[in-house]
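Every heavy atom of this structure was used, including side-chain atoms; hydrogens, water molecules and symmetry mates were not. Reminder, nothing fancy here: chain letters follow the sequence lines and each chain counts from 1.
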Amino acid sequence: MIKNIQILLENALGKLNIQLDNTILVERTRKIEFGHFTTNVALTLPKKLRRPPIKIAEDIVAALPDSNEFIEKIEIKNPGFINFFLTSKTLQNVLDEIYEDPENFGKCNAGDGKKVQVEFVSANPTGPLTVGHGRQAVLGDCIARILDWNSYNVEREYYYNDAGRQMRILGLSTFHRYKEILGYDEPMNEDYYQGQYIKEVAQKIVDDYGDKFVDDPENEIFKNSSEKFVFNDIKETLKRLDIHFDNYYNEKALYEDGKIDDILNKLEEIDATYKKDGAIWFRGTKYGVADDRVLWKSVVNEATYRLPDIAYHCTKFERGYDKIIDVFGADHHGTYPDVLAGLKALDYNTEKIQVVIHQFVTLTRGGEKVKMSTRKATYVTLDELIGEVGKDVVRYFFVMRNANSHLDFDLELAKTEGDENPVFYLQYATARISSIHRKAKRLNIKTSDNPDYSLLKTKEEYNLLYTLSEFKEVVQTCGKTLEPQQITNYLQKLASFFHKFYTECVVISDDSELTQARLALAKATRFILVNGLKIVGVDGLEKM
RNA sequence: GCCCUGGUAGCUCAAUUGGAUAGAGCACCUGCCUUCUAAGCAGGGGGUUACAGGUUCGAUUCCUGUCCAGGGUACCA
């Protein structure tokens, strides 16, 4: 529809011999008094034409065709908006469109099958996922789903490193518990991980091998069994949230196939590095970041995290993605400019990379802040959270807000299955619609193949129809902005219009023609609600 | 110090990315169930969009400065 109006306006402007620099902006109005669609073209032209915007708007409207199959009327409003009101027929048409392929209504081909990779979570396997990881997990997965709906060819990737200092401490932590279980009085180290899972892993080793490794703290078994246990745990948690990855990329692979050396050599060749104090530095300042940074340490013979990160991103380019999306927590915002600078130095097109940064989650329990630390085991795990409030609420809450805002997650509030919960509002709408159709079935009302949609003409029905047609636009916009909260906002609006319709318009009545039309409208609404919920990863309900 | 994010109703947040009278939910009042689920609907109160300037037809949105909050600023990741 937006396209149609744009074309009309283009023709009108052509008639008036007005040249435009950019495309004409046509958008939905905020208020129904202003019509269904509006344009501000006239407001952008006064300087150029040296005429007041109202006059320009009048000229444009005069140049538009007198009658049109989909526009009922056109109004000009101060200071120069041109507002379009659609005909009832146009509004009602959305139902035919939906029923062509209800489950896929809303999908668009903006992505055109292009390969896109979304990297998210990427937590090293040192402990169970926390609530903070949860936000990233759900955000990343929703972004991937949105891109799916925009016809991108999406791959979800998890990047991890099981070789660093943290993993070594994990092994030692398990060893510590191992000895404790065997009756040794071991002093606790501040750095050790203290979660319950460490004890479980240690117990398992005692069960299987007894005291075989009691003098061998560096034995691989401690690190490896901990890692295996933790990774399984992480995958289980993600599964509970309906999150699945296509690839798990281990940093180790970058060393094994020589990628790290390769990149370091290339950077040296193009003089993007220099030696100082025995270390190898990257000339960040030459490539637009504030400081030069160390790539290769002198005190220990190993790389800093920057080098593998750059190498890892090189593989993303080599793997041929058209679009690369990195989802990070706010604690990483300082590191990615270095990576981008490195890639730029290597002549990669960094515009393919889109970085989504989300702010932290603060967890409160009855108004009091819960401190979160993986090491101290004072956190609430994501798993516990899912257990308390369920998958649907967790997923919805994590994306209903802009990623840039801090998220206050009040456990007490989320636990209460009460009115304050927007998830129930949506699910209630889906359950109500199912209920109507159950009743229709009970009364042996056969659904017609060809209901007369022109009977849908109350205010509530128009609002619902108009909002249904918006879904496609929302999905498409989200594909660009990568902001899932636009979907949740839309769904709240749609559900609200449905509840109003439900209250004002009795669906099943003596008027069988009207009943057919309204049944079709209700069913179409349910399809869109469910489609939108699918993107968020929440289930619609038959009954509540 | 410097660099990111935020600051919107009592609370938690929106605002079609520069549009028209800034909207929801919760909380607080008032109505609506003999009828498809009242976990709903209708109505009411509540705002100098942190503050001060600027840009323009038009600013919560963009620019500058100030204040407040969170995060970053390692040869940790």
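With a cut-off of 3.5 Å on both pairing distances, the Watson-Crick and G-U wobble pairs of RNA chain B assemble into stems of 3 or more at B:1-7 with B:67-73, B:10-13 with B:23-26, B:28-32 with B:40-44, B:50-54 with B:62-66.
Remark: A:R518 fails to qualify as a cation-pi partner of A:Y453 under the 6.0 Å distance and 45° angle criteria applied to the six-membered ring. Taking the centre and axis of the six-membered ring of A:F85, the NZ or CZ atom of A:K73 falls inside the cone set by 45° and 6.0 Å.
Residues satisfying the side-chain hydrogen bond (donor to acceptor under 3.5 Å, both in side chains) test with A:H499, not counting sequence neighbours, are A:R432. Taking A:K77 as the reference, A:E75 meet the salt bridge (charged side-chain N to carboxylate O under 4.0 Å, His left out) condition, with sequence neighbours excluded. The salt bridge (charged side-chain N to carboxylate O under 4.0 Å, His left out) test applied to A:E227 returns no partner, not counting sequence neighbours.
Listed nucleotides: B:A14, B:C41, B:A38. Nearest to the side chain of A:E504: B:C41. Ranking B:U12, B:C41, B:C36 by closeness to the A:R401 side chain, first place goes to B:U12.
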Atom pairs, protein N/O to nucleotides 17-20 of chain B N/O, distance under 3.5 Å:
residue : atom : partner : partner atom : Å
B:U17   : OP2  : A:E27   : OE1          : 3.3
B:U17   : O4   : A:E483  : OE1          : 2.0
B:U17   : O4   : A:E483  : OE2          : 3.1
B:U17   : O4   : A:Q486  : NE2          : 3.0
B:G19   : N7   : A:N40   : ND2          : 3.3
B:G19   : O6   : A:N40   : ND2          : 3.2
B:A20   : OP2  : A:R30   : NH1          : 2.8
B:A20   : N6   : A:T38   : OG1          : 2.9
B:A20   : N6   : A:N83   : OD1          : 3.0
B:A20   : N1   : A:N83   : OD1          : 3.3
B:A20   : N1   : A:N83   : ND2          : 3.1

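Between B:U35 and A:Y502, no contact under 4.0 Å exists linking OP1 or OP2 to a side-chain N or O.
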How would nucleotides 71-77 of chain B be written as a contact map, 5' to 3', with B for base contact, S for sugar-phosphate-only contact and - for no contact, using protein heavy atoms under 4.0 Å?
-> BS-SBSB

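Classification of A:K316 and A:E157 as a salt-bridged pair fails, no side-chain N sitting under 4.0 Å from a carboxylate O.
Applying the 90° criterion around 0 to the glycosidic angle, B:U60 comes out anti. With its glycosidic angle more than 90° from 0, B:C13 is assigned anti.
Contact of the A:K543 side chain with the A:S434 side chain is not registered, since no non-hydrogen atoms from C-beta on lie closer than 4.5 Å.
Taking atom CG on A:D408 and atom C1' on B:C26, their separation rounds to 14 Å, with Å as the unit.
Looking at heavy-atom distances under 4.0 Å, A:K493 makes no contact with the nucleic acid at all. A:C505 comes within 4.0 angstrom of a nucleotide base, judged by non-hydrogen atoms across all strands.
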Test side chain to side chain contact (heavy atoms under 4.5 Å, CB included) applied to A:L464 and A:L494, step by step | CA-CA 7 Å; A:L464 197 46; A:L494 180 59; 3.8 Å; yes

